*Asks:* 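Before I ask anything, let me first share the structure, which is written out below as structure tokens.
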Amino acid sequence: MARLILFNKPYGVLSQFTDRGSATARATLSDYIDVPGVYPAGRLDRDSEGLLILTDDGALQARISSPRHKTPKTYLAQVEGEPDEAALEALSRGVTLNDGPTRPATVRRIEAPKLWDRDPPVRYRKSVADAWIELTITEGRNRQVRRMTAAVGHPTLRLVRWRIGGWEIGDLALGEWRTA
């Protein structure tokens, strides 16, 4: 039976267990999870938060993380400005990035979600509005959601992965994990 762990990764934590060679100590998964033999199924950038799945099953890890399996990943993104219908439509069709076009995405504006506080908080600017969108993609290129929102003129300020396939973060507290 495969072991499967759902982890709510805090901002600033690397999606790996070690950080060898860094001049300064950075937080890693080993600061939160002491379970031998599990590895992340995909990555989540250091400056992104939310659901990270870890498993000891290599085939399951590949199924979750490989773009060819098209596992949907849903993100809540706080973006600069207020995206209009044209920006949302562009995201839903897919945008062209420097490494090629993205697959179509599911996107919608949402009310600001009730999330944990981020440390450090997102810089607030009185003169620049922001908005939240929910975006579901089926690939997972390096910093893809951030690059997509920037491509339509709305850089991401905060990014939280909420769901991967059928697994959702739900009420999992920041920095906590549970088996699924």
Side-chain angles (χ1 to χ4, degrees), residues 4-16 26 28-29 39-55 57-113 115 118 122-123 125 128-170 172 180:
L4 192 74
I5 292 175
L6 306 181
F7 175 55
N8 187 351
K9 187 190 93 56
Y11 178 90
V13 175
L14 295 173
S15 294
Q16 58 197 44
R26 298 184 292 182
T28 66
L29 297 177
Y39 300 94
R43 300 184 65 78
L44 195 54
D45 297 330
R46 184 176 176 213
D47 54 354
S48 298
E49 311 160 69
L51 184 60
L52 186 64
I53 296 177
L54 296 94
T55 183
D57 182 327
L60 178 59
Q61 184 181 28
R63 234 179 1 264
I64 293 169
S65 61
S66 173
R68 95 171 165 256
H69 294 288
K70 300 180 182 172
T71 302
K73 297 163 190 77
T74 300
Y75 296 85
L76 307 180
Q78 181 183 19
V79 297
E80 188 176 284
E82 296 184 27
D84 59 14
E85 286 304 313
L88 298 177
E89 177 63 26
L91 290 169
S92 70
R93 283 192 318 269
V95 296
T96 300
L97 304 175
N98 61 355
D99 55 350
T102 66
R103 290 183 186 143
T106 303
V107 62
R108 66 185 180 107
R109 280 193 64 159
I110 60 172
E111 293 297 319
L115 297 172
R118 193 184 91 169
V122 172
R123 185 179 75 170
R125 297 189 316 185
V128 180
D130 63 55
W132 283 87
I133 61 173
E134 179 184 85
L135 184 71
T136 301
I137 60 173
T138 58
E139 40 194 349
R141 300 182 204 179
N142 185 39
R143 302 180 69 79
Q144 180 177 340
V145 171
R146 291 177 186 280
R147 294 189 298 141
M148 288 175 72
T149 62
V152 298
H154 299 282
T156 297
L157 304 172
R158 184 175 183 188
L159 187 61
V160 178
R161 184 160 56 198
W162 195 256
R163 187 179 303 114
I164 301 172
W167 298 284
E168 185 174 291
I169 205 163
L172 190 58

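Please read all numbers here as calculations on a predicted model, not as lab measurements. Because only heavy atoms are used, hydrogens play no part in the values below, and waters and symmetry mates are left out as well, while side chains stay in. For this chain, numbers begin at 1 and follow the sequence in order.
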*Asks:* Please give me the minimum heavy-atom distance between Q16 and T28, naming the atom from each residue.
*Replies:* O-CB, 3.1 Å

*Asks:* Taking E139 for its side chain and R103 for its backbone only, find out whether a donor-acceptor pair lies under 3.5 Å.
*Replies:* yes

*Asks:* Could you tell me whether the side chain of N8 and the main chain of L172 form a donor-acceptor pair under 3.5 Å?
*Replies:*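 Confirmed, N8 side chain pairs with L172 backbone.
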
*Asks:* Do the non-hydrogen side-chain atoms of P83 and V152 ever get within less than 4.5 Å of each other?
*Replies:*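 Counting from C-beta outward, P83 and V152 never come under 4.5 Å.
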
*Asks:* Quick one, D57 and R63 - any side-chain contact, counting heavy atoms below 4.5 Å?
*Replies:* no

*Asks:* Are R161 and L52 packed together at the side-chain level, in the sense that at least one heavy-atom pair is separated by less than 4.5 angstrom?
*Replies:* yes

*Asks:* What's the separation between atom CZ in R143 and atom OG in S48, rounded to the nearest 0.5 Å?
*Replies:* 6.5 Å

*Asks:* Show the nearest heavy-atom pair for residues P72 and T138, with the distance to one decimal.
*Replies:* CA-CG2, 4.2 Å

*Asks:* Would a 4.5 Å heavy-atom cut-off, applied to side chains only, mark T102 and R147 as touching?
*Replies:*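 No. Closest side-chain heavy atoms not under 4.5 Å.
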
*Asks:* Measure the spacing between CE of M148 and CG of L135 and express it to the nearest 0.5 Å.
*Replies:*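 If we round to the nearest 0.5 Å, M148:CE and L135:CG are 5.0 Å apart.
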
*Asks:* Should D47 and R146 count as an ion pair when the cut-off is N to O under 4.0 Å?
*Replies:*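 So D47 pairs with R146 through a salt bridge.
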
*Asks:* In Å, rounded to the nearest 0.5 Å, how long is the span from CZ of R93 to OG1 of T96?
*Replies:*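 The CZ atom of R93 sits 10.0 Å away from the OG1 atom of T96.
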
*Asks:* Which heavy atom of W132 sits nearest to which heavy atom of P113, and what is that distance?
*Replies:* CD2-CD, 3.4 Å

*Asks:* Give me the one residue out of L159, D130, I133 that meets side chain to side chain contact (heavy atoms under 4.5 Å, CB included) with Q78.
*Replies:*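 Only one option passes, and that is D130.
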
*Asks:* I want to check something: taking the side chain as every heavy atom from C-beta on, are E82 and R109 in contact at a cut-off of under 4.5 Å?
*Replies:*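 Result yes, sub-4.5 Å side-chain heavy-atom pair found.
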
*Asks:* CD1 of I137 to OG1 of T71: how many Å apart, nearest 0.5 Å?
*Replies:*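 Going from the CD1 atom of I137 to the OG1 atom of T71 covers 11.0 Å.
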
*Asks:* Closest heavy-atom contact between I53 and I64?
*Replies:*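 In terms of heavy atoms, the two residues are closest at CG2-CD1, 4.0 Å.
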
*Asks:* Out of curiosity, D45 CG to L14 CG, how far, rounded to the nearest 0.5 Å?
*Replies:* 10.0 Å

*Asks:* Do Y75 and T156 come within less than 4.5 Å of each other through their side chains, counting heavy atoms only?
*Replies:* no

*Asks:* Which atoms form the tightest heavy-atom contact between S15 and K9, and what is the distance?
*Replies:*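 The answer is OG-CD, 3.7 Å.
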
*Asks:* In the structure I gave you, are the side-chain heavy atoms of E49 and L115 within less than 4.5 Å of one another anywhere?
*Replies:* no

*Asks:* Does any part of the side chain of T74, heavy atoms only, come nearer than 4.5 Å to the side chain of E134, both counted from C-beta?
*Replies:*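 A side-chain contact under 4.5 Å exists here.
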
*Asks:* Work out which heavy atom in A41 is nearest to a heavy atom in S65; give both atom names and the distance.
*Replies:* C-CB, 3.8 Å

*Asks:* How long is the span from the CD1 atom in I164 to the OG1 atom in T136, to the nearest 0.5 Å?
*Replies:*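 It is 11.5 Å, given to the nearest 0.5 Å.
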
